[in-house]
Number of protein chains: 2
Amino acid sequence: MNDSTIQNFKEILRKEGLRYTKQRQAVWDEIQNSQEHRDAEDIYMSIRNNGVNVSRATVYRTIDVLVKNRMVRKMDVGDGRNRYEPRLGDAHHDHMICVETGKIIEFYNEELEDLQEKIAEENGYMLVRHIHQLFVKPLKK
Amino acid sequence: MNDSTIQNFKEILRKEGLRYTKQRQAVWDEIQNSQEHRDAEDIYMSIRNNGVNVSRATVYRTIDVLVKNRMVRKMDVGDGRNRYEPRLGDAHHDHMICVETGKIIEFYNEELEDLQEKIAEENGYMLVRHIHQLFVKPLKK
DNA sequence: CCCTTTTTGAGACTGAGTCTCATTCGGATA
DNA sequence: TATCCGAATGAGACTCAGTCTCAAAAAGGG
Ligand SMILES: [Mn+2]
Ligand SMILES: [Mn+2]
Ligand SMILES: [Zn+2]
Ligand SMILES: [Zn+2]
């Protein structure tokens, strides 16, 4: 939607040797304009409801490009469908999922992040990426 | 294989109102006798190769019971198949997966565990369970 | 505008896991 | 130990997220 993001997107497509199409832009717009954690079917349906004709295949193909280029993060809440969220230059965060309401809360903890790198190194490895999800329930009060 | 585990297994079946069958025992044996992180198809094939006729449906159904009763832990390495490992009264641990070799390394860090509970509580929640996986690659030397 | 190459969409396909239901089995009872 | 009945099983149909195919459409450099 904003100019600099579109330019950034076009550059990525160029770098990947891919053409700029309205379907690809529509997928990126749809993900970018929401701060939610949505699944592919949901993204697909929204684009169609917005009047852009796109296929599921194109949605999945475009998401792959976005994920590869770190514009979108793929996450698994454990319900069998992958979910996606935009990464608009914002810092890393992990997720807390309420097992009662399904609500997703984002969190970031420096100490936790550092500790992970330390653990990997202690074992002779370098941390590439990580999956960290806390399944929680509201405290009784 | 050992008596106390079999008794424990029988008690769980009783508690769940389920009958003791050789298929169910075979599934538990197969998982119990390996310290690996195996998928359902692999467990299914091994049981059959050991000469016990069992169906995929029964393997999946039995695994569900074992997971529910915390005798088996279900984990997702991100390859589309769930993996299972026995929980023989041993302490909790998380996993490091080498992105180059696929090797799975287990680790446990008290500080990390405490931190997670603290984070949940700070947000008004109680930690129920968590998924934590470090994707790593060998340090260049 | 032309031409070549890439992209697209419809729907076939895949594969892990679930469900169905006729048949078999466990185990309580006598 | 034989009878009986509800529970368990197995074969395979089914589901559903995601992938693949390929003919038709669109991009975009010249
Ligand atoms: Mn998030
Ligand atoms: Mn393990
Ligand atoms: Zn993190
Ligand atoms: Zn842990």
Side-chain angles (χ1 to χ4, degrees), chain A residues 6 9-31 37-69 72 74-84, chain B residues 6-7 9-31 37-69 72-84:
Chain A
I6 292 178
F9 181 51
K10 283 187 175 173
E11 268 161 44
I12 281 165
L13 292 179
R14 200 173 305 126
K15 181 172 71 63
E16 292 281 338
L18 299 171
R19 290 176 179 173
Y20 178 77
T21 66
K22 70 171 188 303
Q23 287 87 348
R24 283 175 174 153
Q25 182 63 58
V27 173
W28 172 226
D29 282 347
E30 191 56 41
I31 296 174
H37 304 83
R38 308 168 69 194
D39 63 36
E41 185 66 17
D42 186 46
I43 293 162
Y44 165 74
M45 287 308 296
S46 293
I47 295 170
R48 303 205 122 215
N49 291 341
N50 290 348
V52 178
N53 194 291
V54 71
S55 66
R56 259 176 265 266
T58 295
V59 170
Y60 279 106
R61 288 186 286 229
T62 304
I63 287 174
D64 285 347
V65 175
L66 292 167
V67 168
K68 183 184 172 198
N69 288 278
V72 166
K74 189 179 196 165
M75 62 174 287
D76 180 5
V77 181
D79 61 356
R81 268 163 297 148
N82 284 310
R83 289 165 183 277
Y84 305 94
Chain B
I6 293 178
Q7 283 319 311
F9 181 51
K10 284 187 176 173
E11 268 162 44
I12 281 164
L13 292 179
R14 201 173 305 126
K15 181 172 72 61
E16 292 280 340
L18 299 172
R19 291 176 178 173
Y20 178 78
T21 66
K22 69 171 190 304
Q23 287 88 347
R24 285 176 173 152
Q25 183 64 56
V27 173
W28 172 226
D29 282 348
E30 191 57 41
I31 296 174
H37 304 83
R38 307 168 68 195
D39 63 37
E41 185 67 16
D42 185 47
I43 293 163
Y44 165 73
M45 288 308 295
S46 293
I47 295 171
R48 303 205 120 214
N49 291 341
N50 290 349
V52 178
N53 195 291
V54 70
S55 66
R56 260 176 264 267
T58 295
V59 170
Y60 279 106
R61 288 186 284 229
T62 305
I63 287 174
D64 285 347
V65 175
L66 292 166
V67 168
K68 183 183 173 196
N69 288 278
V72 165
R73 178 143 75 129
K74 189 178 196 167
M75 61 174 287
D76 180 5
V77 181
D79 63 355
R81 267 162 298 148
N82 284 310
R83 288 165 183 276
Y84 306 94

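Numbers restart at 1 for each chain; the letters A, B, ... are given by sequence-line order, proteins then strands.
- Across every non-hydrogen atom of A/Leu13 and A/Val65, the tightest pair is CD2-CG1, 4.5 Å.
- Taking the ring axis of A/Tyr20 as reference, the NZ or CZ atom of A/Lys10 stays within 45° of it and closer than 6.0 Å to the ring centre.
- Between A/Asp39 and A/Asn82, the closest side-chain pair of non-hydrogen atoms is not below 4.5 Å.
- Phosphate contact (OP1/OP2 of D/dT19, side-chain N/O of A/Tyr60, threshold under 4.0 Å): absent.
- For the residue pair A/Gln23 and A/Asn53, no side-chain donor N or O sits within less than 3.5 Å of a side-chain acceptor on the partner.
- Nucleotide C/dG17 holds its P atom 10 Å from the CG atom of B/Asp64, rounded to whole Å.
- Rounded to an integer number of Å, the gap from A/Glu16 CD to D/dA27 C1' is 18 Å.
- Within the model, atoms CH2 of A/Trp28 and CG of A/Leu66 stand 6.5 Å from one another, a figure rounded to the nearest 0.5 Å.
- A donor-acceptor contact shorter than 3.5 Å links the side chain of A/Arg24 to the backbone of A/Arg19.
- When rounded to the nearest whole Å, the span between CG of A/Asn82 and P of C/dA16 equals 16 Å.
- Of the possible polar contacts, none joining the A/Asn50 side chain to the A/Val52 backbone as a donor-acceptor pair under 3.5 Å is found.
- To the nearest angstrom, P of C/dA16 lies 7 Å from CD of B/Glu41.
- Remark: C1' of C/dC25 and CD of B/Gln25 are 17 Å apart, rounded to the nearest angstrom.
- Rounded to whole Å, atom P of C/dG15 lies 14 Å from atom CG of B/Asp79.
- In this structure, CD1 in A/Ile63 is found 10.0 Å from CD in A/Glu30, a value given to the nearest 0.5 Å.
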Exercise for review: Quick one, give me the B/S/- string for nucleotides 4-11 of chain D, reading 5' to 3', where B means a protein heavy atom under 4.0 Å from the base and S means that only happens at the primed atoms, P, OP1 or OP2.
Suggested key: --BSSBBB
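- Screening residues 41-60 of chain A for salt bridge (charged side-chain N to carboxylate O under 4.0 Å, His left out), with sequence neighbours left out, gives A/Arg38-A/Asp42, A/Glu41-A/Arg56.
- Computed from coordinates, the A/Ile63 CD1 to D/dA17 P distance equals 13 Å when rounded to whole Å.
- Note that the two end axes of the helix from C/dC1-D/dG30 to C/dA30-D/dT1 enclose an angle of 30°, each drawn from 5 base pairs, rounded to 10 degrees.
- As a whole-Å value, the separation of A/Asp39 CG from D/dG18 P is 8 Å.
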